[in-house]
Structure formats: C-alpha cells, structure tokens
> 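Here's a structure for you.
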Amino acid sequence: MTNPADSIEIQNVVASTGIGQELDLEALAEDLPGADFNPDNFPGLVYRTQEPKAAALIFRSGKIVCTGAKSIDDVHEALGIIFEKLRGLQIPVEEDPEITVQNIVSSADLGHNLNLNALAIGLGLEDVEYEPEQFPGLVYRMDEPEVVILLFGSGKIVITGGKRTDDAEGAVEEIVERIEGLGLLG
Amino acid sequence: RLRKWNERFRTRDSKERNLKQALGEIDRMASALGLPDNVRETASVIYRRALDEDLLPGRSIEGVSTSCVYAAARMAGVPRSLDEIADVSRVEKAEIARTYRYVVRELKLEVKPADPEQYVPRFASDLELSEESEMRAKGLLKNAKEKGVHSGKSPVGLAAAAVYAAALLTNEKTTQAAVSEVADISEVTIRNRYHELLEAEDGLVA
DNA sequence: GCTTTAAAAAGTAACCT
DNA sequence: AGGTTACTTTATAAAGC
C-alpha cells in the first residue's frame, strides 16, 4: 500500500517581490531579449527564464510576479537571474528583495477511483462544487489547511491555494481521512 | 427623514421594476425551452430570494434570471444543458455558469448534478424512439451508476450515449449524427461513452 | 469584474490526416 | 478512426480600466 502523500508533486509556485525601483518598461522591452510587452493588453512585461523554467511579470512599479517554477528554490533562482539581468542593464536592484510565496499548486494520487456524486454529498454540499456538465473535477474548499482541492474520478487530485510546502501534505492527509471516514475510498 | 423615505421608495420601486423585467425574461426563456409552469414558478421564487438578499448589485438581471431557470429546471427533474440555456439567453455561457454558482452558493440551494436519466425522455422523444428503447437507455444508465463509471462525465453525454446504445439494442434506426444533433454532444463523445456503457453492462462486447 | 502568467487533473470539442 | 491542440476548473500576485 503506497502512501498518497508520497505521490505529491509541486507543479507550480507563484511568488511576488519587488526591486524597490521604478522601471521604464518600454526601454526594458528593448534591452531584454525575449521580453514581451503589450501595454494595450496588459500593464506587465513578460520575461521567461529557461533554467529554471519560469515566467516573470515585471511592472512599472518595480514589483515582480514569478510563476511557473517547480519549487520554491527555483523561484529564488529564477528571480535571482532576473535581478542580475536588471543590474547588468544598470538598473539598481535592492540587495536581497523579499520574495513572498503566494500560491503553490500540487498534484497527488489517492490511489483509488472516487465516486464523486457520493463524495459531493459526503463532504457536504456547502463546501463542494461539482458540475460534471462543465468540469470533471469536484471542487472542495478545505478549512485546515486552507486550500482548494480538485478531486477527479481517477483518484488523482490537485491542491492549490496553499502558501506553504507542507500545506499539500496536510491537505492530502486530511482528505484521505475524510474520504475514509465516509467509507468512500477504494 | 424625507431623504430616507425617498430612498426606501426609490429602492422598492427599482426592485419592483427589476422583478418585473426578470419575471418577463424567465417566462420568455422557460417558454423557449419548453419548460412546465412549475419550473417557471420555482425560477421566479429563486429570483425573488436573490433580489431580497441583495444578490443583484454587481450582476445583470438577465444573468441572474438565466441562472434561476437553469437551477429551477434541474430542481424539478427536467434539466436543460448549459448550452441549451445559453441558446435562449442574452448572456454568454461563461457568465451564466459563473452567476449560477454564485446564486447557488449564496442562497444555499442544494442543487445536485442532473441525473443522466432525466435527459432520456426528451432525447428519445426527439428521436422518435420507442418506449422500450427509452427504458433500456435508463437501464444502461442505472447499471453505469452502480458500476461507478459516471464520475466526472457529462450527464448529457452519458444520456446521449445511452439513448444511442438503446436504439441499436432494440433495432431502431438512429445514427450518432442524429443523437449528436438532438443532444448537442459530439459524435466522438457519444462513441466513447457508448463503449463504456456496454463494457459496464457485460465486461465484454465493444 | 476583466486583462496576463504558470501548472495539474479529465472531459469535451474542433480540426486535420 | 485517430492524433493534436485547446478550452473548461481551482489559486495567486501585479496595475489599471
């Protein structure tokens, strides 16, 4: 019997930071090869790092959003690369800008098929949204840890909304416990 | 004091105008969808509650009216798919889905997913199939539910496939294209669900 | 509320061979 | 019939409409 917690994989980490310096995005778009900037569409400039693979949204205010990284270390590495690129362009960047993790998306496998109709009733319709006509996943809003879990008929799940690495572990532990308590696991 | 009275009057007046417009929309959509009077009445009751609980500010009368019809049809056991609802609404599908979730959540309406069997009578009738194939389609769906094959699948797609399978089993003429037309489900999906229904029926076939 | 970014899950759909 | 691509859902920051 494999432990569902061992199947947890972080798929995406979103973080925000700032260099403490206003930016001229028009000029930056010229100087940063590969940068996408369409102010008519969106106020942020998009810059992608290859290794680690991530995408950064850079704003005029100097605030930056980093997304797409597979770990918190990757977020720091990707942002570090961006800070150096900016410094290389003679743009002053704070020593160690504070980086805040805003959301971690993880996937996991409970190892058993799930009856989502029964689960929707068992978990309580007030915390559940299940509209198979529109989306195959059951959306469950968990209180502790405060995350949102998408559960599928295959037993595969997605945990999102957490800010800490161990939120996914706690969520899997809790959801397995609840489903087992309802006698609906495997 | 006069200002407060005026505000109340204005609020009550605007709510009445709002309600009048909404009820007209509900009637129009319910008729276009061929829904019975009790569904129209239920939708109206839900709309009144939404208005009383101040769910309207921030969204359109049309969007909330449409959501009420969608919810009421399901609650009455005569569901209409989101596509069918969107076809008779002035609001686009994505907004209907968003508003519907909001109304259901705020009013704590316990609306469960449509049961695939509830779509069968209408599809079978539109395809002019016999009572027997209608019963067989329902039987196929009951079996699929027991085997737990339905999780995450569209109730409309399951119903469409069951009707198609039942017609074949009773030797009645129908095509995937015809079922696809009345159910608004792609032939690929009907084929996929059809195979699953038959497999659930007896571990073999194809 | 919307716009943009990223990623997973599974179902559905459009398009092409 | 199959394969590819793409859209549906969840969370989250950013600036501005």
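In what follows, chains carry the letters A, B, and so on, assigned in the order in which the sequence lines appear, proteins first and then strands, with residues in each chain numbered from 1.
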> Let me know the distance between CD1 of A:Ile159 and P of C:dA7, rounded to the nearest Å.
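So the two atoms are 18 Å apart, to the nearest Å.
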> Atom CD1 of A:Ile82 and atom C1' of C:dA6: how far apart are they, to the nearest Å?
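It works out to 13 Å between those atoms.
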> Is it the case that more than 12 heavy atoms not belonging to B:Glu128 sit under 6.0 Å from its CD atom?
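For B:Glu128, atom CD is not crowded (no more than 12 foreign heavy atoms under 6.0 Å).
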> In this structure, are over 12 heavy atoms from other groups packed under 6.0 Å from A:Glu173 atom CD?
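No - once you tally the heavy atoms of other residues, nucleotides and ligands closer than 6.0 Å, there are 12 at most.
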> Minimum heavy-atom separation for A:Glu174 and A:Glu144, please, with both atom names.
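Scanning both residues completely, I find the closest heavy atoms to be CG-O, 4.1 Å.
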> Give a yes/no answer on whether the side chain of B:Arg193 brings an N or O atom under 4.0 Å of OP1 or OP2 in C:dG11.
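Looking at the OP1 and OP2 atoms of C:dG11, neither is under 4.0 Å from any side-chain N or O of B:Arg193.
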> For B:Arg74, run the side chain to side chain contact (heavy atoms under 4.5 Å, CB included) check against B:Thr42, B:Val111, B:Leu109, B:Asp115 and tell me which one passes.
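It is B:Val111, the one option of B:Thr42, B:Val111, B:Leu109, B:Asp115 that forms the side chain to side chain contact (heavy atoms under 4.5 Å, CB included) with B:Arg74.
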> Look at the side chain of A:Phe42 and decide which nucleotide, out of C:dA13, C:dT4, C:dA7, has an atom nearest to it.
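The listed nucleotide nearest to A:Phe42's side chain is C:dT4.
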> Side chains of B:Glu132 and B:Thr170: any donor to acceptor distance under 3.5 Å?
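No - no donor-acceptor pair under 3.5 Å links their side chains.
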> Before giving the answer on side chain to side chain contact (heavy atoms under 4.5 Å, CB included), spell out for B:Arg80 and B:Met29 the whole-Å C-alpha distance, their side-chain angles and the decisive distance to 0.1 Å.
CA-CA 11 Å; B:Arg80 290 301 184 272; B:Met29 294 187 278; over 6 Å; no
> Would you check if there is a donor-acceptor pair between the side chains of B:Ser180 and B:Glu187 at a distance under 3.5 Å?
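No pair is found: no donor N or O on one side chain lies under 3.5 Å from an acceptor on the other.
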> To the nearest Å, give me how far apart CG (A:Asp36) and P (D:dA14) are.
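From A:Asp36 CG to D:dA14 P: 22 Å.
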> In whole angstroms, how far is the P atom of D:dT8 from the CD1 atom of B:Ile96?
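Taking CD1 of B:Ile96 and P of D:dT8, I get 15 Å after rounding.
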> Tell me whether the OP1 or OP2 atom of D:dA15 has a side-chain N or O from A:Ser61 closer than 4.0 Å.
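For D:dA15, OP1/OP2 do have a side-chain N/O of A:Ser61 under 4.0 Å.
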> Looking only at side-chain atoms of A:Arg48, point me to the closest of C:dT5, C:dT4, C:dT12.
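Of the options given, the side chain of A:Arg48 lies nearest C:dT5.
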> Taking atom types as modelled, find out whether B:Tyr102 and B:Arg98 have a side-chain donor-acceptor pair closer than 3.5 angstrom.
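No, B:Arg98 and B:Tyr102 have no side-chain donor paired with an acceptor closer than 3.5 Å.
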> Report the distance from atom CG of A:Leu110 to atom P of C:dA8, rounded to the nearest whole Å.
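Roughly 18 Å, once rounded to whole Å.
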> Please determine, for the side chain of A:Gln11, which listed nucleotide (C:dT5, C:dA8, D:dA1) has the closest atom?
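Looking only at side-chain atoms, A:Gln11 lies closest to C:dA8.
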> Quick one: closest heavy-atom pair of B:Tyr119 and B:Ala159, and the distance?
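Of all heavy-atom pairs spanning B:Tyr119 and B:Ala159, the closest is CB-CB, 3.6 Å.
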> Which listed nucleotide (C:dT4, C:dA13, D:dA15) is nearest to the side chain of A:Leu57?
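Per side-chain heavy atoms of A:Leu57, the pick is C:dT4.
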> Return the nucleotide paired to C:dA10: Watson-Crick means purine N1 to pyrimidine N3 with N6-O4 or O6-N4, wobble means G-U with N1-O2 and O6-N3, both under 3.5 Å.
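Across any shown strand, C:dA10 pairs with D:dT8.
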> If you check the A:Pro43 side chain, which of C:dT3, C:dA6, C:dG11 turns out closest?
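The answer is C:dT3.
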> What nucleic acid atoms does A:Ser154 come within less than 4.0 Å of, heavy atoms only: base, sugar-phosphate, or nothing?
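Sugar-phosphate, backbone atoms only, no base.
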> Using the P atom as the reference point in each nucleotide, state the distance between C:dA10 and D:dT12 in Å, no decimals.
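So the two P atoms sit 23 Å from each other.
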> Which pair of heavy atoms, one from A:Ile104 and one from A:Arg164, lies closest together, and at what distance?
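Distance-wise, the nearest heavy atoms are CD1-C, 3.6 Å.
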> Using a heavy-atom cut-off of under 4.0 Å over every strand shown, decide if A:Asp74 touches base, sugar-phosphate, or nothing.
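Touches nothing.
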> Students often get this wrong, so: under 4.0 angstrom with heavy atoms, is A:Ser106 touching a base, only sugar-phosphate, or nothing?
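No contact.
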> Which part of the nucleic acid, if any, lies within reach of B:Arg59 when heavy atoms closer than 4.0 Å are counted: base, sugar-phosphate only, or nothing?
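No contact at all - B:Arg59 keeps every heavy atom at 4.0 Å or more from the nucleic acid.
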> When the C1' atoms of C:dA7 and D:dG3 are compared, how many Å lie between them, rounded to an integer?
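Nearest-Å result for D:dG3 against C:dA7 at atom C1': 23 Å.
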> Could you state the atom-to-atom distance from NE2 of A:His112 to C1' of C:dA9 in whole Å?
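The answer, rounded to whole Å, is 18 Å.
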> What does B:Gly152 touch in the nucleic acid at a heavy-atom separation under 4.0 angstrom: a base, only the sugar-phosphate, or nothing?
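Sugar-phosphate contact only - B:Gly152 comes under 4.0 Å of backbone atoms but never of a base.
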> Write down the distance between CZ (A:Phe59) and P (C:dT3), rounded to a whole number of angstrom.
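To the nearest whole Å, that distance equals 14 Å.
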> Which whole number of Å gives the distance between the C1' atom of D:dG2 and that of C:dA9?
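Roughly 23 Å separates the two C1' atoms.
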> Once you round it to whole Å, what is the distance between C1' of C:dG11 and OH of A:Tyr130?
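Atom OH in A:Tyr130 sits about 11 Å away from atom C1' in C:dG11.
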> Can you pull the ring pair (Phe, Tyr, Trp, His ring centres under 6.0 Å) pairs that have at least one residue in residues 150-182 of chain B, sequence neighbours excluded?
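Qualifying pairs: B:Tyr164-B:Tyr194.
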> Would you tabulate the pairs of protein nitrogen or oxygen atoms and nucleotide nitrogen or oxygen atoms of nucleotides 9-12 of chain D closer than 3.5 angstrom?
unit_1, atom_1, unit_2, atom_2, d
D:dA11, OP1, A:Arg141, NH1, 2.7
D:dA11, O4', A:Thr160, OG1, 3.3
D:dA11, N3, A:Asn103, ND2, 2.7
D:dA11, N3, A:Thr160, OG1, 3.3

> Show the distances under 3.5 angstrom between N or O atoms of the protein and N or O atoms of nucleotides 15-17 of chain C.
none

> Quick check on DNA chain C: between B:Ile185 and A:Lys53, whose nearest nucleotide comes earlier from the 5' end?
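Here A:Lys53 is the residue nearer the 5' end.
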